[in-house]
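Values below: every heavy atom of this structure, side chains too, minus hydrogens, waters and symmetry copies. Note that the coordinates shown come from a computational prediction; the quantities given were computed from them, not determined experimentally. All chains are named by letter (A, B, ...) in the order of the sequence lines, taking the proteins before the strands, and each is independently numbered beginning at 1.
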Number of protein chains: 2
Amino acid sequence: MSLPISTPLPLLSGAPHERRDAARNREALLAAARELVEREGACAVTMEAVAAQAGVGKGTVFRRFESRAGLMIALLDHSESEWQAQVLGGPPPLGPGAPALDRLLAFGRSRIEATLGQRELIAAAGGRVRTSGAFGFVLMHVRLLLAEIGTEGDLPLLASSLVAPLDVTVLEDQVLGQGMSVDRVYDAWADLTRRVVRR
Amino acid sequence: MSLPISTPLPLLSGAPHERRDAARNREALLAAARELVEREGACAVTMEAVAAQAGVGKGTVFRRFESRAGLMIALLDHSESEWQAQVLGGPPPLGPGAPALDRLLAFGRSRIEATLGQRELIAAAGGRVRTSGAFGFVLMHVRLLLAEIGTEGDLPLLASSLVAPLDVTVLEDQVLGQGMSVDRVYDAWADLTRRVVRR
DNA sequence: AGGCTAAACGGACCATGGTCCGGTTCTATT
DNA sequence: AATAGAACCGGACCATGGTCCGTTTAGCCT
């Protein structure tokens, strides 16, 4: 029952010990998927195609990413991290340093654009986005900004209500389906937000 | 170029001439699906199972309902119509006769409950609900109420923003996932709504 | 009634997400 | 270096949504 002192603590490393070949395959698969997505669009990203392109078996894809939705989320991870970095440490008004309301409005604009920009992947990820860390971050961010503004009420749910209209399905319907302009959608969201935070 | 005077106008009959066997099969399929859904839950409603239960070929199910989502929407049609009737002609405050704000709040409560009550079917219908007539009705109703209240702004989008947080995926996550009570979710929505309409 | 045509039918067939398990390979331990 | 066993791999296999097309049938017209 002795603790081997040489074992490095997991610290914050995401994967709690992934074998080297496994890690290599993960990278190969991500690269393959990225290539497929840019060459033929997200809907061409079939699990078998990714496996073939990466030169591994289909089972491996599933072991690494659990499901198609999981793979999509992994693909989104990069851009999502970048976006989070902008929010957390980028220039105002999206990043810190601006008044909270300005940050909130900038957040909305940025989210609309980011979501529409990646709509294929996000849609392909389906409902699973909700359980992804990225989504939690968004919710938390809005909630904190609302608190900073001094908004009263059930902040978690209020935040959720502000985020809900930014869902891919909603935006796709409005912009692609109904032909509304992004500006108009954003203006309406900003209006909504101002009404919500107005004291 | 003579108009045959004996041809009855289509009037408002939904199906523009469905053959009798086709109509019979549609009913049989709906009945089969309903039985399956109540006996084993919505996820047991597989297209082949429905076909078998109704005693027809699989192709028929697809010809009648286009897709699994279409079948689900057809299954929802009944309860949806009933709900619309309540809104259009039922007792206040959900139905006409109450102040518009009261009607709006009653709408929210009712929608939350209806949605959660049918969550399995709605979820199984997927994004297709958005294009169903029922969804359009909801949007229109909220929009009209907002107008009646005298709310200013981009009413179509404001309505959409109020409806978005009532989406199945959102409600499921909050109530089932996070364990929030329906009352709490409703209170937050009512709060949101009051802020939006507040002049 | 008989015949003609558009519509409906059925079920084989395909594509794809997801599961499983026997065999292989990495890595820690001695 | 040898060893043990956990982790990983591949690809056959399954389930199910969706398509297709040769065959059947309802409904109309003469």
Please determine whether a side-chain nitrogen or oxygen atom of [X] lies at a distance below 4.0 Å from atom OP1 or OP2 of [N].
X       : N      : answer
A:Thr60 : D:dG10 : yes
A:Asn25 : D:dC8  : no
A:Thr46 : C:dG17 : yes
A:Arg64 : D:dC8  : yes
B:Arg63 : C:dC9  : yes
B:Arg19 : C:dA7  : no

Find the distance [X]:[atom1] to [N]:[atom2] and express it as a whole number of Å.
X       : N      : atom1 : atom2 : result
B:Phe62 : D:dC20 : CZ    : P     : 13 Å
B:Met72 : D:dT16 : CE    : C1'   : 12 Å
B:Glu18 : C:dA8  : CD    : C1'   : 10 Å
B:Arg26 : C:dC9  : CZ    : P     : 10 Å
B:Arg24 : D:dT25 : CZ    : P     : 12 Å
A:Phe65 : C:dT16 : CZ    : P     : 20 Å
A:Asp21 : D:dG10 : CG    : C1'   : 13 Å
B:Met47 : D:dT19 : CE    : P     : 10 Å

A:Ala22 has its side chain closest, among D:dC9, D:dG18, C:dA8, to D:dC9
The nucleotide from C:dG17, D:dC8, D:dG18 with an atom nearest the side chain of B:Lys58 is D:dG18
Residue pairs meeting side-chain hydrogen bond (donor to acceptor under 3.5 Å, both in side chains), one or both in residues 115-140 of chain B, sequence neighbours left out, come to B:Ser79-B:Gln118
Taking only Lys NZ, Arg NE, NH1 and NH2, and the carboxylate oxygens of Asp or Glu, determine whether B:Glu27 and B:Arg20 approach each other closer than 4.0 Å. no
Quick one: do A:Arg195 and B:Glu152 make a salt bridge, cutoff under 4.0 Å? no
Contacts of A:Arg68 and B:Glu48 projected onto DNA chain C by closest heavy atom; the upstream (5') one is B:Glu48
For this session: Determine, for A:Trp83 and A:Arg111, whether the Lys NZ or Arg CZ falls below 6.0 Å from the six-membered ring centre while staying within 45 degrees of the axis.
Result: yes
Exercise. Honestly, is A:Arg68 close enough over A:Phe62, meaning NZ or CZ under 6.0 Å from the six-membered ring centre and within 45° of the axis?
Worked result: no
